[in-house]
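Every chain is numbered from 1 and lettered A, B, ... according to where its sequence line falls, protein lines coming before strand lines.
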Amino acid sequence: MRGSQIFANAIEDLDLYPVFGNPGTTELPALRNIKSYILTLHDSISVGMADGLAQYSGKVKMVNLHTLPGLANSMAFIYTAKMNHTPLIITAGQQDMRHMVLEPILYYNLENVISDAVKFKYELRNVDDIEIAMKRAKLIAQTPPTGPVFLSLPMNIMDMDGTYSKMDDFNFSYELINIEAVKEISEKIMRAKNPAIVFGYEIDIFNAFKEAEEFAEKLGCPVFGEPLSSRAVFNTENTIFAGDLMPGSTLINLSLLNNDLIVFIGGDITLYPYLPSPILPGKDLIFIGLNISPKMGNFYQMNPKLFLKESMKYIEKKCNYSRPKDLTFATKIANERSSLGFNYVMYQTKKFFKDYTIVDESISASYTLRNILGYKSKGYFTAKSGQLGWGLPASAGIAMQNKKVLLVIGDGSFMYTMQTLWTLKKYNIPLKIVVLRNNAYNILRSFAKSYYPEMENSPFLKFELEIERFAQSFGIQSQVAGNDLKELSWLAEGEDPKVLVIDVDKNIPKLFL
Amino acid sequence: MKALTILPDFIPQEEVKKTVAQILPDMEIINNTDIEKSDAEILVVTTFTKVDKNLIDRMPNLKFVQVASTGYDNVDLDYLRSKNIMLSNIPVANKQSVAEHVIAFTLLFLKDMLNLNEEMKVHHRWPMLTGSRDLEGKIFGIVGMGMIGIQLAKRLLPFNVGIVYYDIRRLAPEEEERYGLTYMEFNDLLKNADIISIHLPLTEKTRKMFGEKEFSLMKDGAILINTARGEIIDEKALINAMKKKNIKVGIDVYEKEPPDFNSEIFKMDDAIFSPHIAGVTIESQQRFLTETISNVLRYVQGLEPLYRVI
């Protein structure tokens with residue numbers, strides 16, 4: 001059997017279709033027998049789409065990049081997949097091995113390029129490597145901590161003859177629990193004076209929303225979200241949720257000032273910017289999870305869902321926390337109507353998109369978005385890396401499986417991977433997009449305002465973009481919203497991909513200390 | 001990096017110490033300047049602590065002084081300069097509070113609150129006639145459109161007043177449109193406004209900026225509010241105007257503080273006073289604390305602190 005057929009069979013048997021990519025000549029030999037290929041008009045978009053779909057579906061997904069240029073173009077996205085712990089098999093074509101020594105065009109050492117952004121990397125040496133390498137790639141990608149892996153596919157290997165026997169997919173389980181540790185942790189919680197719980201993105205990955213709520217309600221202590229979570233962490237409608245921790249040591253310390261024990265379940269501490277306060281000095285810290293790798297406190301590797309279920313046997317009511325209702329919210333909405341402030345925009349958006357999965361790359365509006373649109377199971381996704389340009393392709397990937405996906409993105413972020421609109425149109429992917437246009441990189445301006453005030457109005461932080469016309473040029477319906485935002489109703493209608501541009505308040509928000 | 005905070009006695013020390021231990025464990029907190037010597041590089045004080053040669057000489061490593069307030073009259077600027085020590089204040093924490101204070105003064109006058117309260121509480125009377133008036137439709141003049149002026153304008157918008165302003169620097173047209181502002185030359189503002197609120201710094205140009213001539217241009221019965229600096233108003237001219245033109249005045253700031261209570265101004269019926277407290281609220285103190293912490297952290301990080309005075 002020819003190498004390209006072995007490759008295609010392995011993809012099918014390991015349930016990896018569709019393949020996302022942007023091929024070049026070096027990839028064509030590997031793609032001769034491919035059954036399902038989603039074309040993106042920039043290499044990086046294929047990684048972003050696969051990342052979104054892999055996270056939403058909970059399955060390993062596959063990407064095919066165009067040797068060095070494709071890989072290099074996609075490095076930020078591969079790094080994001082690593083930070084998101086997304087299980088991806090990233091492949092790239094490689095020059096024909098028979099003349100690599102002559103350094104033909106498009107040749108480079110791809111394993112060196114991808115470096116430590118993946119958990120596993122391998123360049124095929126022989127046609128019989130394909131079956132083994134593909135199987136190992138999938139196994140390693142989904143072994144905790146999950147993440148991307150890389151295979152380099154030299155052109156001539158795909159034309160060699162080899163053997164292939166049908167592969168069974170893995171029967172993979174994440175059912176890891178340490179019963180003794182659960183008892184020990186539960187006792188520690190009951191002994192603490194004033195414990196707090198911090199839930200992280202693994203609550204969503206392991207579908208532990210119900211268990212998290214039951215645990216939190218039985219204990220009664222305040223529940224926080226990990227700083228800059230990439231996914232939903234808890235049902236935010238529940239008033240035991242006290243809010244997300246901010247990603248600065250000083251701010252985390254102030255939020256948890258009165259707590260002596262902090263238990264992070266399925267989450268970690270993510271920081272930016274640097275602040276000189278030591279993190280939670282004198283506090284007892286416990287981390288529980290499968291993917292996370294905490295840098296402090298005591299870590300117990302186990303499935304957070306199983307921990308939460310088991311610990312219910314040992315915990316009892318400890319506190320009576322309930323989040324106070326924000327009675328100033330209605331006033332904020334009314335006040336922000338004329339300027340299209342973030343609170344007003346998110347409040348109106350929630351009316352039409354409450355049951356949608358939200359993909360967030362609104363950056364300077366993200367805190368408000370999380371607060372108002374809230375979290376629910378498989379209801380919130382963002383890039384853990386801080387990269388811009390991920391939101392559009394990732395939401396397109398999710399919308400391949402879920403017809404109710406809303407991307408909320410800033411105008412600056414939108415421009416990085418705008419070609420995704422072509423893929424939306426080509427494959428009729430029903431993604432709805434809100435572009436918050438403030439004509440600037442306002443997250444940078446906010447940072448400048450706090451640390452380098454002389455730079456907050458720098459001309460190189462500002463731009464003017466006719467986003468609606470870009471969208472229309474790709475054949476995507478697009479409108480600019482008026483102050484009453486009635487166009488949100490138009491955006492929600494039907495299953496065509498659509499773009500709504502909202503000219504939001506251009507004031508610089510205070511986002512840093 | 002070592003830091004020293006000197007707090008006045010009335011601030012609960014233990015609560016602050018607990019918080020600071022989580023933010024900057026190297027920060028020492030004391031409640032008086034009675035120290036022999038300190039090797040701290042940073043000094044945090046309120047306006048209640050005198051930062052003079054006597055204190056500075058006992059801190060040989062001192063490089064940065066952060067005053068946790070807008071004012072820094074308690075600091076010997078020349079001596080700090082001579083020692084090449086940086087100084088920052090916090091000019092952004094109380095602008096909302098001052099704006100609300102101005103509106104409080106305004107409504108106390110317009111709604112005839114002091115009189116009605118006295119009628120009922122002191123005289124046990126049920127007045128049938130009232131001089132109470134609406135703010136809606138009045139012309140509100142703001143003299144000085146800085147951060148406090150903007151905050152005041154934002155709060156006045158829902159009252160449906162006409163907002164006119166004067167400043168040596170006119171705002172951009174889009175800013176005027178956003179806050180519903182009409183620019184006027186100073187004399188025109190004096191002639192048109194029913195209520196005038198002063199938000200200017202004290203400079204040689206603004207000293208006694210409100211004198212006989214200016215009061216003569218104001219409408220009879222107009223309300224004048226000063227939460228900026230006492231020296232901006234010529235007090236003698238004001239008293240004359242109150243007598244001749246029924247000008248009403250809300251005063252928070254005085255040429256000398258505390259003022260001379262024997263002054264004729266304290267005998268006038270149409271004057272309401274507060275003790276330079278427009279910017280001092282529980283909430284503004286919390287904002288001062290947050291901004292102070294942020295700025296000290298900036299310095300510890302190696303960044304340029306904001307709000308540099310020196």
Quiz item: Does atom CZ of A:Phe512 have more than 12 heavy-atom neighbours, drawn from other residues, nucleotides or ligands, at distances under 6.0 Å?
Solution: yes
Quiz item: How about B:Lys83: does its NZ atom have over 12 heavy atoms from other parts shown lying under 6.0 Å from it?
Solution: no
Quiz item: By number, which residues in residues 452-460 of chain A have some heavy atom less than 4.5 Å away from chain B?
Solution: A:Tyr452, A:Pro453
Practice problem: Examine whether an atom of A:Lys506 lies under 4.5 Å from a heavy atom of chain B, and if so say whether it belongs to the side chain, the backbone or both; otherwise answer neither. | Solution: neither
Exercise. Flag yes if more than 12 heavy atoms outside A:Asp484 fall under 6.0 Å of its CG atom; otherwise flag no.
Key: yes
Practice problem: Answer yes or no: are there more than 12 heavy-atom neighbours, outside A:Met296 itself, under 6.0 Å from its atom CE? | Solution: yes
Self-check item: From CA spacing to verdict: side-chain contact (heavy atoms from CB on, under 4.5 Å), A:Lys510, B:Val92
Solution: CA-CA 12 Å; A:Lys510 168 99 175 149; B:Val92 293; over 6 Å; no
Quiz item: Any chance OH of A:Tyr272 has more than 12 other-residue heavy atoms, nucleotides or ligands included, within less than 6.0 Å?
Solution: no
Exercise. Please look at A:Ser339 and chain B and tell me whether the side chain, the backbone, both or neither of the residue comes under 4.5 angstrom of a heavy atom of that chain.
Key: neither
Quiz prompt | Closest approach of A:Pro278 to B:Ile23 (non-hydrogen atoms, all atoms of both residues) | solution = CD-O, 3.9 Å
Practice problem: Could you grab the distance from atom CD1 of A:Ile252 to atom CD of B:Gln22, nearest 0.5 Å is fine? | Solution: 11.5 Å
Quiz prompt | Over 12 foreign heavy atoms within 6.0 Å of NZ, B:Lys2 | solution = no
Practice problem: Check whether any side-chain N or O of B:Gln301 sits under 3.5 Å from a backbone N or O of A:Leu275 as a donor-acceptor pair, and report yes or no. | Solution: no
Quiz item: Is it true that atom OH of B:Tyr72 has more than 12 heavy atoms of other residues, nucleotides or ligands lying nearer than 6.0 Å?
Solution: no
Self-check item: Pairs of heavy atoms under 4.5 Å with chain B: top-ranked of A:Leu280, A:Asn335, A:Ile279, A:Leu254
Solution: A:Leu254
Quiz prompt | A:Asp326 atom CG, neighbour heavy-atom count above 12 within 6.0 Å | solution = yes
Quiz item: Residue by residue, which of residues 280-298 of chain B have a heavy atom closer than 4.5 Å to a heavy atom belonging to chain A?
Solution: B:Thr290, B:Glu291, B:Ile293, B:Ser294, B:Leu297, B:Arg298
Quiz item: Between B:Lys154 and chain A, which part of the residue has a heavy atom less than 4.5 Å away: side chain, backbone, both or neither?
Solution: neither
